[in-house]
A.B. asks: 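Structure in structure tokens, see below.
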Amino acid sequence: MTLTRRTFNAMSGAALAAGFVALTSAGVVAGFATTATAQESETLVIAVPSDPAGLEPGANKAEPVGSEIILNVFDTLVAWQAPDFAELEGRLAEDWSISDDGKTFTFDLRDGVSFQDGTPFDAEAVKFSLERTKEMNPYVEASLGMIESIETPNDDEVVIQLSEAYPAFMSILAQPQAAIVSPAAVEKYGDDFANHPVGTGPFSFRAYEPDTRVVLDANPDYYRGAPALKRIIYRIIPEASTRRLELENGGVDIIQQQSQLSAVPSEEMKAFAADPDIKIIEKPSQIIRQLEFNNSNADSPVADIKVREAIAHAIDYDGLLSGVFDGTADRVYGPLTSNSWAFDPKVEEMSPKYDPELAKELLAEAGYGPGELDLTLYSFQGSLWGDVATFVQANLADVGISTQIAQTEFPSYRALHVAGDWDIALDGRQPWYNDPDAHVTIGYLSALKNSAMTFRMPENAELDALILEAQQEPDMEARKALYAEIQEKLVEYVPAAYLFSPKLIVFARSNVDGLVINSAPPLNEYWGVSKN
């Protein structure tokens, strides 16, 4: 397996913006005949903060808006089963088996399925789609890059051979990048397939008007049964306050609080709780936000573990949750959230507690008196990130650490992170598959330290070996034990002050039924949703 710097750079906002430009510059169906509104019982209107970065599974880089649309237009071989999302269920695959060595995955495919353009679904479509994504998308190099071969013994069977054991591979197949595309549509539209996406999913693409909306129509021939809704409209509303007003006034049916970068402020959410026309659906997430240390800069003050421990003890974690998030986030104690199947309860006791006096003592032991340590605190832009940064700044000031807050746009922030030109930064990780590998390997393997979205861990042969062993161990109980050992080692090392895990919150008009939300990835499917 090879994880490269470009794999993660490809996630940058610049890359997403490039995809957006490609999509919009093609003049995608700017006009379409529809007057559907949220007031219509068979039309669901969803407010989103931005245009989709793209509707092409092969090029998808985990941008939320485009990814959710993809999962409603296309199908994957398997998907997480609602309402608990704890187990995978078959979608285009009816059944599957995994070899004892964890390298060979055999799928029996569903009969009688057709793409929205009428092309029959078969094993060759699976082989075509996965090989196409592997070739065109560096973002999936760490996962689909392990595919050595895909065989199609007959129309209903696919055999995928990996180069090494990878227990999380089934989770990878539930991601938007693993969606199965119509080979005929790809041949017809070529590079313009992104503007004419065709899958087997419950909704088919109808139109896209940049900065305004994306429209999907129900697929009446969907193999799981036609959706109750006739149409979905994604309305693009950048301002959080406007999204809130539109929901209150019935202009939209749903707004999502999944992105902390563009969320409705918690004090404004309180108005929803008292509104009988709006219901709140929330669920703990596996998203982690942390105050990160540059662990690979030997010249940084945070290279001293006493400084890292001092900062970790300086933060009032419970105060942050109540003062900034008002119940809309949970505490995080280490590198995995408490709802992960691999979470080790021991780290809750091991994790640093709010203790300003101990923080001052640790700083003194590190050679820093009051006011002698001056740091720049980097953060994403956005009011909520600003609130968190201000809260942390005040905590650090209380123990004698001066900080200047520098909020930076997403692409610049990622470039800064990769370059390693920083000491402390607010950052986070949103896992896109339900496996500890999504946090641990990508975040802490030292070979990836120069990639974006890592903790820039220095070389540690023992820890690196444990991470790779846990990633490849087929026995799940053995994996859980390995991840417990890894979590304890990481908490002892203090690579970050783990701050909070935002809840996944969806606000919906009270007449919306059947919506359940998944924690990883946090993307909604609307096949089972209706309006009364």
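We use all heavy atoms of the structure for the numbers below, so side chains are in, but hydrogens, waters and symmetry mates are not. For reference, positions follow the sequence shown, starting with 1.
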A.B. asks: Is there a donor-acceptor pair under 3.5 Å between the side chain of S340 and the backbone N or O of L336?
C.D. replies: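 No, S340 side chain to L336 backbone: no donor-acceptor pair under 3.5 Å.
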
A.B. asks: Look at the side chain of K531 and the backbone N and O of T43, then say whether any donor-acceptor pair between them is shorter than 3.5 Å.
C.D. replies: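 Answer holds: yes.
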
A.B. asks: Go through it in stages, so that I can follow the logic: the residues are F500 and F325, the test is ring pair (Phe, Tyr, Trp, His ring centres under 6.0 Å), and I'd like the CA-CA distance, side-chain angles, deciding distance and then a yes or no.
C.D. replies: CA-CA 9 Å; F500 63 95; F325 291 98; 4.2 Å; yes

A.B. asks: Within a strict 4.5 Å, meaning less than it, do heavy atoms of the E68 and Y234 side chains meet?
C.D. replies: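 Yes - at least one pair of side-chain heavy atoms lies under 4.5 Å apart.
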
A.B. asks: Between F169 and F105, is the ring centroid distance below 6.0 Å?
C.D. replies: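 Yes, they do, as the ring centres are separated by less than 6.0 Å.
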
A.B. asks: Would you please say whether a donor-acceptor pair under 3.5 Å links the side chains of N434 and Q286?
C.D. replies: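 Short answer, yes.
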
A.B. asks: Using a distance-only test with no angle check, is there a side-chain donor-acceptor pair under 3.5 angstrom linking S285 and S501?
C.D. replies: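 Looking only at side-chain atoms, S501 and S285 do form a donor-acceptor pair, the distance falling under 3.5 Å.
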
A.B. asks: Between W341 and A86 (side chain of the first, backbone of the second, donor and acceptor by atom type, cut-off under 3.5 Å), is there such a pair?
C.D. replies: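 No; judged by distance alone, with no hydrogens or angles, the pair does not exist.
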
A.B. asks: To the nearest 0.5 Å, what is the distance between CD1 (I237) and CD1 (I46)?
C.D. replies: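 Spacing of CD1 (I237) from CD1 (I46) equals 11.5 Å.
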
A.B. asks: Which pairs, with at least one residue in residues 83-93 and sequence neighbours excluded, count as a side chain to side chain donor-acceptor pair (under 3.5 Å)?
C.D. replies: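 Residue pairs with at least one partner in residues 83-93: E89-R91, R91-E525.
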
A.B. asks: Would you indicate whether the side-chain heavy atoms of I517 and F85 approach each other to under 4.5 Å?
C.D. replies: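 They are not in side-chain contact.
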
A.B. asks: What's the shortest heavy-atom distance between M170 and I98, and which atoms?
C.D. replies: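 Where M170 meets I98 most closely, the heavy atoms are CG-CD1, 4.0 Å.
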
A.B. asks: Any side-chain heavy atom of R429 within less than 4.5 Å of one from I287?
C.D. replies: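 SC-SC contact between R429 and I287 ruled out.
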
A.B. asks: Looking only at atom types and distance, does a side-chain atom of N72 sit under 3.5 Å from a main-chain N or O of Y526, one as donor and one as acceptor?
C.D. replies: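 Checking the backbone N and O of Y526 against the side chain of N72, a donor-acceptor pair under 3.5 Å is found.
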
A.B. asks: Taking all heavy atoms of Q407 and all of G386, pick out the closest pair and write down the distance.
C.D. replies: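 Looks like NE2-N, 3.3 Å.
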
A.B. asks: Applying side chain to side chain contact (heavy atoms under 4.5 Å, CB included) to H439 and I288, what does each step give before you reach the verdict?
C.D. replies: CA-CA 9 Å; H439 274 299; I288 294 178; 3.8 Å; yes

A.B. asks: Verify the distance criterion only: is there a donor paired with an acceptor across the side chains of T104 and Q161 at less than 3.5 Å?
C.D. replies: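 Q161 and T104 do have a side-chain donor-acceptor pair below 3.5 Å.
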
A.B. asks: With a 6.0 Å cut-off (strictly less than), is the heavy-atom count around CG of N532, excluding the residue itself, greater than 12?
C.D. replies: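 Yes, CG of N532 has more than 12 neighbouring heavy atoms, counting only those of other groups under 6.0 Å.
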
A.B. asks: Is there a side-chain contact between P52 and Y208 in this structure, where contact means two heavy atoms from C-beta onward sitting under 4.5 Å apart?
C.D. replies: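 Answer yes - side chains close enough.
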
A.B. asks: Work out which heavy atom in F391 is nearest to a heavy atom in L320; give both atom names and the distance.
C.D. replies: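 Closest approach of F391 to L320: CZ-N, 3.2 Å.
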
A.B. asks: Does the distance from a Lys or Arg side-chain N to an Asp or Glu carboxylate O, for E246 and R235, drop under 4.0 Å?
C.D. replies: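 Salt bridge between E246 and R235, a charged N being under 4.0 Å from a carboxylate O: yes.
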
A.B. asks: Quick one about T133 and N137 (side-chain donor to acceptor, distance below 3.5 Å, no hydrogens or angles considered), yes or no?
C.D. replies: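 T133 and N137 do not have a side-chain donor-acceptor pair below 3.5 Å.
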
A.B. asks: Salt-bridged, E239 to R243, with N to O below 4.0 Å?
C.D. replies: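 Between R243 and E239 there is no salt bridge, as every charged N stays at least 4.0 Å from the carboxylate O atoms.
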
A.B. asks: Going by atom types only, do N60 and S67 share a side-chain donor-acceptor pair under 3.5 Å?
C.D. replies: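 Yes, because at least one side-chain N or O of N60 sits under 3.5 Å from a partner of the opposite role on S67.
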
A.B. asks: Run the salt-bridge test on R509 and D253 with the 4.0 Å N-O cut-off and return the result as yes or no.
C.D. replies: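 Answer for the salt bridge query: no.
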
A.B. asks: Aromatic ring centroids of Y413 and Y378 under 6.0 Å?
C.D. replies: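 Ring-ring flag for Y413/Y378: false, centres at least 6.0 Å apart.
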
A.B. asks: To the nearest 0.5 Å, what is the distance between CG on L77 and CZ on F107?
C.D. replies: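 Between L77 CG and F107 CZ, I get 5.5 Å after rounding to 0.5 Å.
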
A.B. asks: Would you say that more than 12 heavy atoms from the other residues, nucleotides or ligands in this model lie under 6.0 Å from the CD of E187, or not?
C.D. replies: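 No.
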
A.B. asks: Kindly state each residue pair satisfying salt bridge (charged side-chain N to carboxylate O under 4.0 Å, His left out) with at least one member in residues 104-122, sequence neighbours excluded.
C.D. replies: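 Every salt bridge (charged side-chain N to carboxylate O under 4.0 Å, His left out) pair that includes a residue of residues 104-122, provided the two are not neighbours, is E94-R110.
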
A.B. asks: Please report the interatomic distance CZ(F193) to CG(L55), rounded to the nearest 0.5 Å.
C.D. replies: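 Nearest 0.5 Å value for the CZ-CG distance: 10.0 Å.
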
A.B. asks: Output, in order, the C-alpha distance, side-chain angles, deciding distance and verdict of side chain to side chain contact (heavy atoms under 4.5 Å, CB included) for I278 and F272.
C.D. replies: CA-CA 6 Å; I278 296 173; F272 293 143; 3.4 Å; yes

A.B. asks: How long is the span from the CG atom in D217 to the CG atom in L229, to the nearest 0.5 Å?
C.D. replies: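 Between atom CG of D217 and atom CG of L229 there are 11.5 Å.
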
A.B. asks: Taking G201's backbone N and O only, do any of them form a donor-acceptor pair with Q116's side chain (distance below 3.5 Å, no angle check)?
C.D. replies: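 Yes.
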
A.B. asks: Quick check for you: to the nearest 0.5 Å, what is the distance between I147 atom CD1 and E131 atom CD?
C.D. replies: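 Taking CD1 in I147 and CD in E131, the distance rounds to 8.0 Å.
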
A.B. asks: What's the shortest heavy-atom distance between L71 and A174, and which atoms?
C.D. replies: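 For L71 versus A174, the nearest heavy atoms are CD2-O, 4.3 Å.
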
A.B. asks: Are any of the side-chain heavy atoms of F74 and P197 separated by less than 4.5 Å?
C.D. replies: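 Result yes, sub-4.5 Å side-chain heavy-atom pair found.
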
A.B. asks: Going through the distances and angles, do R132 and M136 end up as a side chain to side chain contact (heavy atoms under 4.5 Å, CB included)?
C.D. replies: CA-CA 6 Å; R132 177 174 177 268; M136 68 188 293; 3.8 Å; yes

A.B. asks: Looking at every heavy atom in both V126 and L109, which two are closest together, and how far apart are they?
C.D. replies: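 Scanning both residues completely, I find the closest heavy atoms to be CG2-CD1, 4.0 Å.
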
A.B. asks: Which salt bridge (charged side-chain N to carboxylate O under 4.0 Å, His left out) pairs, counting each pair once, include a residue from residues 273-287, with sequence neighbours left out?
C.D. replies: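 Salt bridge (charged side-chain N to carboxylate O under 4.0 Å, His left out) check on residues 273-287 returns K279-D513, E282-K503.
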
A.B. asks: Quick one: are T328 and I505 in side-chain contact, heavy atoms under 4.5 Å?
C.D. replies: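 They are in side-chain contact.
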
A.B. asks: Go through the steps for V158 and K127 under the test side chain to side chain contact (heavy atoms under 4.5 Å, CB included), then give the verdict.
C.D. replies: CA-CA 8 Å; V158 172; K127 176 180 171 67; 5.8 Å; no

A.B. asks: H417 vs W422 aromatic rings, parallel, tilted or perpendicular, using cut-offs 30° and 60°?
C.D. replies: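 The arrangement is tilted - the two ring planes meet at 30° to 60°.
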
A.B. asks: So do R231 and V215 actually touch side chain to side chain, heavy atoms under 4.5 Å?
C.D. replies: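 When only atoms from C-beta onward are counted, R231 and V215 do touch, with a gap below 4.5 Å.
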
A.B. asks: Hydrogens and angles aside, do D75 and T200 bring a side-chain donor and acceptor to less than 3.5 Å of each other?
C.D. replies: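 There is such a pair between these side chains.
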
A.B. asks: Measuring only between side-chain heavy atoms, which start at C-beta, is V388 closer than 4.5 Å to T390?
C.D. replies: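 Not touching, per the 4.5 Å side-chain cut-off.
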
A.B. asks: D156 and N154: which non-hydrogen atoms are nearest, and at how many Å?
C.D. replies: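 Minimum heavy-atom contact is N-OD1, 2.8 Å.
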
A.B. asks: If we ignore hydrogens and angles and just use 3.5 Å, is the side chain of D51 paired with the main-chain N or O of I236 as donor and acceptor?
C.D. replies: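 Checked: no pair found.
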
A.B. asks: In Å and rounded to the nearest 0.5 Å, what is the OG to CG distance from S379 to L384?
C.D. replies: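 So the gap between those two atoms works out to 9.5 Å.
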
